Undergrad: 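The structure's right below; bear with me while I get my questions together.
The shown structure was predicted, so the numbers you read here are calculated from the model rather than taken from an experiment. Numbering of ligands and ligand atoms starts at 1, following listing order. FYI, the numbering just counts along the sequence from 1.
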Amino acid sequence: MSISAPVTGTPADTEAAPDAVISLRGLSVDFPVGGLFSRTVVRALRSVDLDLERGEILALVGESGSGKSTIARCIARLERPTAGQIVVDGVDVLRSEPRRASREFRSKVQMIFQDPFGSLNPAHRVGQFLERAAKLHGRATDPGQLRELVENLMATVDLPVDMLDSRAFELSGGQRQRVSIARALAMDPEVILADEPTSMLDVSVRIGVLNLMRRLRDERGISMLFITHDLASARYVADRTTVMFAGELVESGVSTALMARPAHPYTQLLLSAVPDPLRAGSYDPVERARLRAAVLDSPTCPYDGDPDQVCSRTEPVRHDVGPAADRHWVRCHLYRPAADVASRALAVDTVDG
Ligand code: ADP
Ligand code: MG
């Protein structure tokens, strides 16, 4: 993608934000595909700038394949970026001394997954998982302390203490996710990266886990990156929401503001699938199917208003949307600051220029 000098809009910050616990700058990940000597790559992330602020819950939304997990995996250092910076608590972790960084990291940043016990022995007891994590972190020195710590963790995630003797396979999905959150808490983290933690849960159970996440933020000040493809969950739990499309961040803002006035056609598409009494009539299944096909077929933005393909020639700049308090911006050539965004909705064909 060629990039011409932006003439309008808000340039992305180049320095880590002072109030951010994690700042990503220009984070790019290319995955080689097609064998050893192939030069073909999948551009999973394209120069992502993202700030997770201290004590906030930030939702990262986008459909499957948009690059959400790759962001979390880079922050958790399970993936090495092709380019860019990851700054945690002011430390550029890719450049700092590896052993020190990884030791500090392991406890500071904890990740929870969609299927928490997917990679663990289902026959192990809950108590074993939690004690092991607490021991690893060195938080308890004698058995009595360890027991007390583990019991406190169970209370924190609203599970009965006698469940410490249960085996993983005996638990429900919601209980497993609470255990995995307890295990993360055993490390006393500053940040939790939660990758689709509620996607496999029924709605009523899901709300319980989302409430738990919010309580952990409120009571312990833990910052959370909440990855989901479910905008209703994002709106419910996250202070801010950022939308990813094809490896790029296309829109971001205070969750309520972003979802009330989505400015990017892709955000509008995602929202069109969310039942919302306030947006009655917004769901047009035929238009959604057409746009969804266009999105999935396109390596870049399909909304660039043919025949010009302006997005493939010029990187869209950031535009602020609405009042500053909404912290709402969009990167889209179709955005017209004066236009009534809601009425433009999905009518891409009618936009001129
Ligand atoms: P999401 O979590 O939003 O579903 P991912 O971050 O998992 O998206 O993937 C982003 C893109 O990178 C996808 O096109 C995916 O196929 C590709 N990808 C992810 N991991 C790898 C890998 N290890 N090798 C090759 N391609 C990958
Ligand atoms: Mg994923």
Side-chain angles (χ1 to χ4, degrees), residues 1 22 24 26-50 52 57-84 86 94 109-119 173 176-177 180 184 191-201 206 209-210 213 224-234 237-238 240-252 258 264 266-267 269-271 273-274 291-302 311-312 331:
M1 182 178 291
I22 293 178
L24 309 179
L27 199 72
S28 301
V29 173
D30 292 344
F31 288 114
V33 287
L36 201 55
F37 300 105
S38 165
R39 289 189 181 186
T40 316
V41 294
V42 172
R43 309 212 64 195
L45 296 183
R46 306 166 193 231
S47 198
V48 166
D49 295 334
L50 182 77
L52 175 65
I57 301 179
L58 174 65
L60 194 55
V61 303
E63 287 183 303
S64 180
S66 54
K68 306 180 299 294
S69 294
T70 303
I71 287 191
R73 290 173 57 79
C74 284
I75 298 172
R77 307 192 71 189
L78 300 169
E79 203 77 70
R80 191 162 176 95
T82 312
I86 301 172
L94 298 174
V109 179
Q110 290 295 309
M111 197 158 166
I112 57 180
F113 300 93
Q114 185 173 4
D115 179 12
F117 288 162
S119 60
R176 286 181 196 196
Q177 202 53 279
S180 84
V191 177
I192 289 181
L193 310 173
D195 192 353
E196 309 258 11
T198 55
S199 300
M200 281 171 31
L201 306 178
R206 181 179 302 172
V209 172
L210 295 176
M213 290 171 61
M224 302 207 190
L225 185 66
F226 171 49
I227 293 176
T228 182
H229 60 265
D230 174 27
L231 275 83
S233 293
V237 77
R240 288 192 301 143
T241 294
T242 293
V243 181
M244 274 201 91
F245 170 70
E248 299 188 45
L249 307 187
V250 294
E251 185 164 9
S252 182
L258 176 109
H264 196 286
Y266 180 63
T267 314
L269 171 68
L270 291 176
L271 272 166
V274 180
L291 279 173
R292 192 166 194 282
V295 167
L296 297 179
D297 283 348
S298 171
T300 57
C301 187
C311 274
S312 56
R331 289 174 70 232

Undergrad: Quick one about Glu63 and Ser66 (side-chain donor to acceptor, distance below 3.5 Å, no hydrogens or angles considered), yes or no?
TA: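 Result is no, nothing qualifies.
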
Undergrad: If you have a sec, work out which protein heavy atom is nearest atom 7 (O) of ligand 1 and how many Å separate them, to one decimal?
TA: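 Looking at atom 7 (O) of ligand 1, the protein heavy atom closest to it is Ser69 CB, 3.8 Å.
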
Undergrad: State, without any angle test, whether Asp195 and Ser69 hold a side-chain donor-acceptor pair at a distance under 3.5 Å.
TA: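 There is such a pair between these side chains.
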
Undergrad: Among His264, Glu248, Glu251, which residue satisfies the side-chain hydrogen bond (donor to acceptor under 3.5 Å, both in side chains) criterion with Arg331?
TA: Glu248

Undergrad: Of all the non-hydrogen atoms in the protein, which one sits nearest to atom 5 (P) of ligand 1, and at what distance?
TA: Thr70 OG1, 3.6 Å

Undergrad: I want to know if ligand 1 touches Gly67 in the polar sense, i.e. an N/O pair below 3.5 angstrom.
TA: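 Yes - when backbone and side-chain N and O of Gly67 are compared with those of ligand 1, one distance drops under 3.5 Å.
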
Undergrad: List every atom of ligand 1 that sits less than 4.0 Å from any heavy atom of Ser64, numbering the atoms from 1 in the order shown and giving each element.
TA: 4 (O)

Undergrad: Which residue supplies the protein heavy atom nearest to atom 4 (O) of ligand 1, what is that atom called, and how far is it?
TA: Gly65 N, 2.6 Å

Undergrad: Side-chain contact test, heavy atoms from C-beta onward, threshold under 4.5 Å: evaluate it for Thr228 versus Lys68 and give yes or no.
TA: no

Undergrad: Considering only non-hydrogen protein atoms, determine which one is nearest to atom 12 (O) of ligand 1 and report residue, atom name and distance to 0.1 Å.
TA: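 Answer, as residue, atom name and distance: Ala44 CB, 3.4 Å.
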
Undergrad: Around atom 25 (C) of ligand 1, find the nearest protein heavy atom and jot down its residue, atom name and distance.
TA: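 Going by distance alone, atom 25 (C) of ligand 1 is nearest to Phe31 CB, 3.3 Å.
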
Undergrad: What protein heavy atom lies closest to atom 3 (O) of ligand 1? Include the residue and the distance to one decimal.
TA: Lys68 NZ, 2.8 Å

Undergrad: Val42 to ligand 1: N or O pair under 3.5 Å?
TA: no

Undergrad: Are the side chains of Val29 and Arg73 in touch, meaning some heavy atoms are under 4.5 Å apart?
TA: no

Undergrad: Could you establish whether Glu63 and ligand 1 come within less than 4.0 Å of each other, counting only heavy atoms on the residue side?
TA: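 Checking ligand 1 against Glu63, which is what was asked, there is a heavy-atom contact under 4.0 Å.
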
Undergrad: Among Val48, Val61, Leu58, Val250, which residue meets the side chain to side chain contact (heavy atoms under 4.5 Å, CB included) test with Thr242?
TA: Leu58

Undergrad: Are the side chains of Arg206 and Asp230 in contact, using a 4.5 Å heavy-atom criterion?
TA: yes

Undergrad: Look at the N, O or S atoms of Ser69, main chain and side chain alike, and state whether any lies under 2.8 Å from the Mg ion (ligand 2).
TA: yes

Undergrad: Between Val41 and Pro32, which heavy-atom pair has the shortest distance, and what is it?
TA: CG1-CA, 4.1 Å

Undergrad: Can a non-hydrogen atom of Gly62 be found less than 4.0 Å from any atom of ligand 1?
TA: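 Contact absent.
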
